[in-house]
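In what follows, a structure is listed as structure tokens, so that the remarks can point back to it.
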Amino acid sequence: MKTITLRDGKERSLLRRHPWVFQGSVAKGKADPGETVRVESADGRFLAWAAFSPSSQIRVRAWTFDEAERIDEAFFTRRIEAAVVLRGRLGIDSDGVRLIHGEADGLPGLIVDRYGDLLSAQFLSAGTERFKQAIADALVAATGCQALYERSDSGVRQMEGLEPVTGWLRTPASGAPSTEVTIREHGWRLTLDVAEGHKTGYYLDQRDNRKLFADLVRQMGLKTALNCYSYTGGFSVAALAGGAEHVTSVDSSGPALARASAHITLNGFDASRHEALDADVNGALRQFIKDGRRFDAIILDPPKFAPSAAHADRASRAYKDINRLAFKLLEPGGLLMTYSCSGGIGAELFHKIVAGAGMDAYVDGYLIKRLEASPDHPTTINYPEGEYLKGLAIVRK
């Protein structure tokens with residue numbers, strides 16, 4: 001087994017059971033991509049068994065801090081079974097579930113979502129790539145799902161020196177099923193395509209926030225809703241389910257908007273209650289202001305503006321601008337649910353950005369709830385970076 005030795009003082013993160021070691025912390029040692037290595041402190045103490053990634057700034061990702069544990073097929077079987085059991089205990093009201101959430105489940109670089117009887121997985125690190133076949137076997141065994149589609153086409157793989165890969169990893173004996181799936185969520189039906197949809201096919205992390213939006217629309221008697229960066233309209237369905245009379249979905253993807261419109265009718269709502277607008281959100285918000293339009297409820301769920309802390313300044317300006325415009329469009333007593341999925345923007349900074357947007361719009365509001373990802377996207381105590389999705393539910397004064 002090859003050994004990676006850290007620089008003096010650089011063992012502290014691993015002693016806190018944080019799974020990452022950056023390139024600059026490594027004193028000596030090399031290995032092949034994804035190879036399991038023994039990580040030691042400068043004085044020779046065992047720290048972790050880990051996957052080595054020669055192309056990444058994150059040079060080492062820890063599998064385990066137990067010296068007696070071996071990284072083999074049985075290891076992945078144990079970790080995957082534990083993750084699946086946890087999801088079964090969470091009482092999730094959907095058959096679309098995040099089964100494996102990377103570092104939080106002790107499997108750095110592995111994302112697995114279940115959509116009905118189909119699994120969709122992303123192998124985003126050199127370590128998970130090396131053990132891909134063993135992981136695939138363990139996933140099928142733990143879930144009983146025979147269909148496993150790979151969506152390893154994220155840009156993160158480039159940082160690992162890996163090429164994008166998509167396609168079926170496992171299929172039933174009867175042959176590959178359709179990549180088109182319909183899932184149930186809080187009594188609604190939503191469709192997705194694991195081969196073409198964002199991420200693994202859909203944004204399951206917003207599942208409970210969609211239900212909260214429906215509940216608040218109903219409780220507060222909100223009648224008009226604006227869903228920005230709507231994608232395939234999950235929040236739009238939620239608005240109508242909550243009793244909104246009309247919802248406008250804005251996105252720059254025509255195919256996503258077509259699916260959003262289909263979701264409206266699929267769930268039994270009159271198509272005339274939904275407007276799909278193919279447009280840039282920033283431009284659309286400015287036009288709504290010029291036109292004098294106002295909304296009782298607004299969703300701001302933009303894409304990742306800051307992939308890392310280095311992009312935080314530029315992203316902060318972008319978040320502030322769209323929130324300022326949204327505040328201007330919101331009726332007094334109206335609801336804004338605003339989000340950031342940028343890892344480079346922490347919850348405290350995001351709150352400050354939104355507060356600044358309110359000041360610029362001459363608007364104040366009641367913060368009624370802080371928002372986060374659904375519980376099947378957990379954050380662990382030792383890996384706070386896992387808390388990527390943060391949001392605020394605000395009622396305008």
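Index from 1, following the sequence.
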### Side chains of Gln219 and Asp215, donor plus acceptor under 3.5 Å
no

### Message
To check you understand the geometry: which heavy-atom pair defines the closest contact between Val112 and Ala121, and what is its length?
### Response
CG2-CB, 4.0 Å

### Chi angles and distances behind the side chain to side chain donor-acceptor pair (under 3.5 Å) call for Thr248, Glu275
CA-CA 5 Å; Thr248 301; Glu275 175 189 4; 3.2 Å; yes

### Query
What pair of heavy atoms forms the shortest contact from Pro19 to Glu103, and how long is it?
CG-CG, 3.7 Å

### Task
Would you indicate whether Glu73, at its atom CD, is surrounded by more than 12 heavy atoms from other residues, nucleotides or ligands within a distance under 6.0 Å?
no

### Query
When you look at Arg61 and Ser53, which way does the side chain to side chain donor-acceptor pair (under 3.5 Å) test go after all the steps?
CA-CA 8 Å; Arg61 288 178 169 83; Ser53 183; 4.6 Å; no

### Lys/Arg-Asp/Glu bridge criterion (N-O < 4.0 Å) met for Arg98, Asp113
yes

### Query
Going by distance alone, is a donor N or O of one side chain under 3.5 Å from an acceptor N or O of the other, for Ser340 and Tyr388?
no

### Query
Where the side chain of Thr143 meets the backbone of Leu139, is there a donor-acceptor pair that is under 3.5 Å apart?
yes

### Mutual orientation of the aromatic rings belonging to Tyr339 and Phe235 [parallel < 30°, tilted 30-60°, perpendicular > 60°]
tilted

### Task
Go through Ser236 and His263 one step at a time and tell me if the side chain to side chain donor-acceptor pair (under 3.5 Å) criterion holds.
CA-CA 9 Å; Ser236 302; His263 281 155; over 6 Å; no

### Verdict with supporting geometry, Phe131 and Phe75, ring pair (Phe, Tyr, Trp, His ring centres under 6.0 Å)
CA-CA 11 Å; Phe131 286 99; Phe75 168 83; 8.2 Å; no

### Task
Report yes or no: does Trp168 contribute a side-chain atom to a donor-acceptor pair with the main-chain N or O of Leu148 at less than 3.5 Å?
no

### Query
Would you say Asp296's side chain and Lys223's backbone share a donor-acceptor pair under 3.5 angstrom?
yes

### Query
Judged by modelled atom types alone, do Thr191 and Arg259 share a side-chain donor-acceptor pair under 3.5 Å?
yes

### Query
To the nearest 0.5 Å, what is the distance between CG (Leu222) and CZ (Phe213)?
7.5 Å

#### Entry: Shortest non-hydrogen contact from Ala50 toward Ala62
CB-CA, 3.6 Å

#### Entry: Nearest atoms (heavy-atom pairs only) where Asp208 meets Pro375
OD2-CD, 3.2 Å

### Task
May I ask you to decide if Leu266's main-chain N or O and Arg189's side chain share a donor-acceptor pair within less than 3.5 Å?
yes

### Full working for side-chain contact (heavy atoms from CB on, under 4.5 Å) between Val39 and Phe46
CA-CA 6 Å; Val39 185; Phe46 171 84; over 6 Å; no

### Task
For Leu15 and Phe65, run side-chain contact (heavy atoms from CB on, under 4.5 Å): C-alpha distance rounded to whole Å, both residues' side-chain angles, the deciding distance at 0.1 Å, then the answer.
CA-CA 9 Å; Leu15 290 174; Phe65 303 96; over 6 Å; no

### Message
In this structure, would Val354 and Met359 fall into the same cluster of hydrophobic residues linked by side-chain contacts under 4.5 Å?
### Response
no

### Query
Is the NZ or CZ atom of Lys397 positioned over Tyr366's six-membered ring, under 6.0 angstrom from the centre and within 45° of the axis?
yes

### Message
Within a 6.0 Å radius of atom CE on Met159, are there more than 12 heavy atoms belonging to other residues, nucleotides or ligands?
### Response
no

#### Entry: From Asp193, Thr182, Val181, residue fulfilling side-chain contact (heavy atoms from CB on, under 4.5 Å) relative to Tyr115
Val181

### Query
Are Arg210 and Glu185 within salt-bridge range, i.e. N to O under 4.0 Å?
yes

### Query
What is the minimum heavy-atom distance between Gly29 and Phe52, and which atoms define it?
O-CZ, 4.1 Å

### Query
Any donor-acceptor pair under 3.5 Å linking the side chain of Asp280 with the backbone of Gly283?
yes

### Query
Rounded to the nearest 0.5 Å, how far apart are CG of Leu329 and CZ of Phe327?
11.5 Å

### Query
What's the spacing between Trp49 CH2 and Met1 CE if we round to 0.5 Å?
5.0 Å

### Query
Is atom NZ of Lys2 surrounded by more than 12 heavy atoms (other residues, nucleotides or ligands) closer than 6.0 Å?
yes

#### Entry: Asp376 side-chain N/O to Arg87 backbone N/O, donor-acceptor pair under 3.5 Å
no

#### Entry: Residue pair Phe305, Tyr319: steps toward the ring pair (Phe, Tyr, Trp, His ring centres under 6.0 Å) verdict
CA-CA 8 Å; Phe305 287 166; Tyr319 283 120; 4.6 Å; yes

### Query
Does NZ or CZ of Lys132 lie under 6.0 Å from the centre of the six-membered ring of Phe123, at an angle within 45° of the ring axis?
yes

### Query
Can you check whether Ser272's main-chain N or O pairs, donor with acceptor, with Asp270's side chain at less than 3.5 Å?
yes

### Task
Any chance you could measure Asn323, atom CG, to Ile353, atom CD1, to the nearest 0.5 Å?
8.5 Å

#### Entry: Point-to-point distance, once rounded to the nearest 0.5 Å, from CG of Leu124 to CD of Gln158
12.0 Å

### Task
Inspect the contact between Arg207 and Asp93 and indicate whether a charged nitrogen and a carboxylate oxygen are less than 4.0 angstrom apart.
no

### Summary
Paired with His377, the side-chain contact (heavy atoms from CB on, under 4.5 Å) test is passed by just one of Leu389, Leu204, Ile111, namely Leu204

#### Entry: Atom CG of Asp66 with >12 non-hydrogen neighbours under 6.0 angstrom
yes

### Message
Go through it in stages, so that I can follow the logic: the residues are His18 and Arg12, the test is side chain to side chain donor-acceptor pair (under 3.5 Å), and I'd like the CA-CA distance, side-chain angles, deciding distance and then a yes or no.
### Response
CA-CA 9 Å; His18 190 287; Arg12 287 190 291 269; over 6 Å; no

### Query
Do Thr379 and Glu387 get their side chains close enough for a donor-acceptor pair, meaning under 3.5 Å?
no

### Ring centre gap for Trp20 and Tyr383 strictly below 6.0 Å
yes

### Query
Does a side chain donor of either Glu160 or Ser56 reach within less than 3.5 Å of an acceptor in the other side chain?
yes

### Query
Are the charged groups of Arg16 and Glu11 less than 4.0 angstrom apart, N to O?
no

### Query
Are the side chain of Ser178 and the backbone of Glu180 linked by a donor-acceptor contact shorter than 3.5 Å?
yes

### Message
Quick check against the 3.5 Å criterion: does Arg79 have a side-chain atom that pairs as donor or acceptor with the backbone of Asp105?
### Response
no

### Query
Taking it one step at a time, do Glu40 and Leu6 satisfy side-chain contact (heavy atoms from CB on, under 4.5 Å)?
CA-CA 6 Å; Glu40 293 183 348; Leu6 303 188; over 6 Å; no

### Task
Check for a donor-acceptor pair, side chain of Ser41 on one end and backbone N or O of Arg45 on the other, with a separation under 3.5 Å.
yes

### Query
Step by step, would you call Val250 with Asn227 a side-chain contact (heavy atoms from CB on, under 4.5 Å)?
CA-CA 6 Å; Val250 183; Asn227 182 10; over 6 Å; no

### Task
Apply ring pair (Phe, Tyr, Trp, His ring centres under 6.0 Å) to His274 and Phe269, showing your working.
CA-CA 9 Å; His274 178 247; Phe269 301 114; over 10 Å; no

### Query
Under a 4.0 Å N-O cut-off, is there an ion pair linking Arg293 with Asp291?
no

